[in-house]
Amino acid sequence: VQLQASGGGLVQPGGSLRLSCAASGFTLDDYAIGWFRQAPGKEREGVSCIGRSDTTPYYADSVKGRFTISRDNAKNTLYLQMNSLKPEDTAVYYCVTARRRTSYSGGYYCRRGMDYWGKGTLVTVSS
């Protein structure tokens, strides 16, 4: 299992970024998948997760209405569109996936964490 996140960078408050996560060694839509982040000195946070059986993704309250998770099954790639970025969104963002096929929801996985983590990509929101 490999997860390669990209797309991070420096952006001004109010700006947008799109993160990508190229997955290999497994098929994206066979497992729960999502994005976590960790800011300096803070605990990791489940930003958005999709359970295998979900019809709608889970979003943390801190990003609801601003971030959108999506996937391209043909490319086996996960995305996170981030709009209206705030300084408090500054963090390393990680693409993650679960080890087993389950029917647990995205909310469950975003609270519990997942098993496989890719290398993160740094997002810095600053003027």
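- Glu45 and Ser62 are linked by a side-chain donor-acceptor pair at a separation below 3.5 angstrom, with hydrogens and angles left out of the test.
- Geometric assessment of Arg52 against the ring of Tyr104 yields a negative cation-pi assignment under the 6.0 Å and 45° thresholds.
- Separation of atoms OG1 (Thr27) and CG (Asp29) is listed at 6.5 Å; rounding is to 0.5 Å.
- Within the 4.5 Å cutoff, the side chain of Asp72 has heavy atoms near those of the Tyr79 side chain.
- Nearest heavy atoms, Leu3 versus Ala23: CD2-CB, 4.0 Å.
- Using a 4.5 Å heavy-atom cutoff, the side chains of Phe67 and Leu19 are not in contact.
- To the nearest 0.5 angstrom, Arg100 atom CZ is 10.5 Å from Tyr31 atom OH.
- When ring centroids are compared, Trp35 and Tyr93 stay outside the 6.0 Å threshold.
- The closest side-chain heavy-atom distance from Pro87 to Pro13 is below 4.5 Å.
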Is there a side-chain contact (heavy atoms from CB on, under 4.5 Å) between Thr77 and Cys21? Walk through the geometry before answering.
CA-CA 5 Å; Thr77 299; Cys21 173; 5.5 Å; no
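- Residues Ala32 and Gly51 approach most closely at CB-CA, 4.1 Å, considering heavy atoms.
- Counting only heavy atoms from C-beta outward, the side chains of Leu78 and Ser20 never approach each other to under 4.5 Å.
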Check the pair Lys86 / Asp89 against salt bridge (Lys or Arg N to Asp or Glu O under 4.0 Å), numbers first and verdict last.
CA-CA 5 Å; Lys86 304 175 181 180; Asp89 295 318; over 6 Å; no
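- Going from atom CZ of Arg112 over to atom SG of Cys49 covers 11.0 Å, rounded to the nearest 0.5 Å.
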The test is side-chain contact (heavy atoms from CB on, under 4.5 Å); show your working for Tyr59 and Cys110 and say whether it passes.
CA-CA 8 Å; Tyr59 293 97; Cys110 259; over 6 Å; no
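- Cluster annotation: Met114 and Ile69 are assigned to distinct hydrophobic clusters (Ile/Leu/Val/Met/Phe/Trp/Tyr, side-chain heavy-atom contacts under 4.5 Å, transitive).
- Judged by distance alone, with hydrogens and angles left aside, the side-chain atoms of Arg18 form no donor-acceptor pair with the main-chain N or O of Gln81 at under 3.5 Å.
- Listed by chain and residue number, nothing satisfies the salt bridge (Lys or Arg N to Asp or Glu O under 4.0 Å) test with Glu88 (two or more places apart in sequence, or in another chain).
- Applying the 6.0 Å contact sphere to CZ of Arg101 captures more than 12 heavy atoms from other residues, nucleotides or ligands.
- No chain of hydrophobic side-chain contacts below 4.5 Å, direct or via other Ile, Leu, Val, Met, Phe, Trp or Tyr residues, connects Val63 to Phe36.
- Asp115 has its side chain out of reach of Thr97: every pair of non-hydrogen atoms, C-beta onward, lies at least 4.5 Å apart.
- A side-chain N or O of Ser16 and one of Asn83 form a donor-acceptor pair less than 3.5 Å apart.
- What you find for Gln38 and Tyr94 is that their closest heavy atoms are CB-CE1, 4.4 Å.
- One finds the CG atom of Leu10 at 9.5 Å from the OG atom of Ser127 (value rounded to the nearest 0.5 Å).
- Side-chain contact between Val123 and Met82 is present, with heavy atoms from C-beta onward closer than 4.5 Å.
- Between the CZ atom in Arg66 and the OG atom in Ser84 there is a gap of 7.0 Å [rounded to 0.5 Å].
- Listed for the Thr90 side chain is a donor-acceptor partner under 3.5 Å among the backbone atoms of Val125.
- Using modelled atom types, one finds no donor on one side chain facing an acceptor on the other under 3.5 Å when comparing Thr102 with Tyr108.
- In terms of heavy-atom proximity, Ala5 sits nearest to Cys95 at CB-CB, 4.5 Å.
- Residues Ile33 and Val96 are not in side-chain contact: their nearest non-hydrogen atoms beyond the backbone lie 4.5 Å or more apart.
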Could you walk me through whether Phe26 and Tyr116 pass the side-chain contact (heavy atoms from CB on, under 4.5 Å) test, one step at a time?
CA-CA 11 Å; Phe26 71 106; Tyr116 295 110; over 6 Å; no
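- You'll find the side chain of Val92 stays beyond 4.5 Å of the side chain of Thr121, heavy atoms only.
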side-chain contact (heavy atoms from CB on, under 4.5 Å) between Leu80 and Thr68: does it pass, once the steps are laid out?
CA-CA 6 Å; Leu80 186 69; Thr68 303; over 6 Å; no
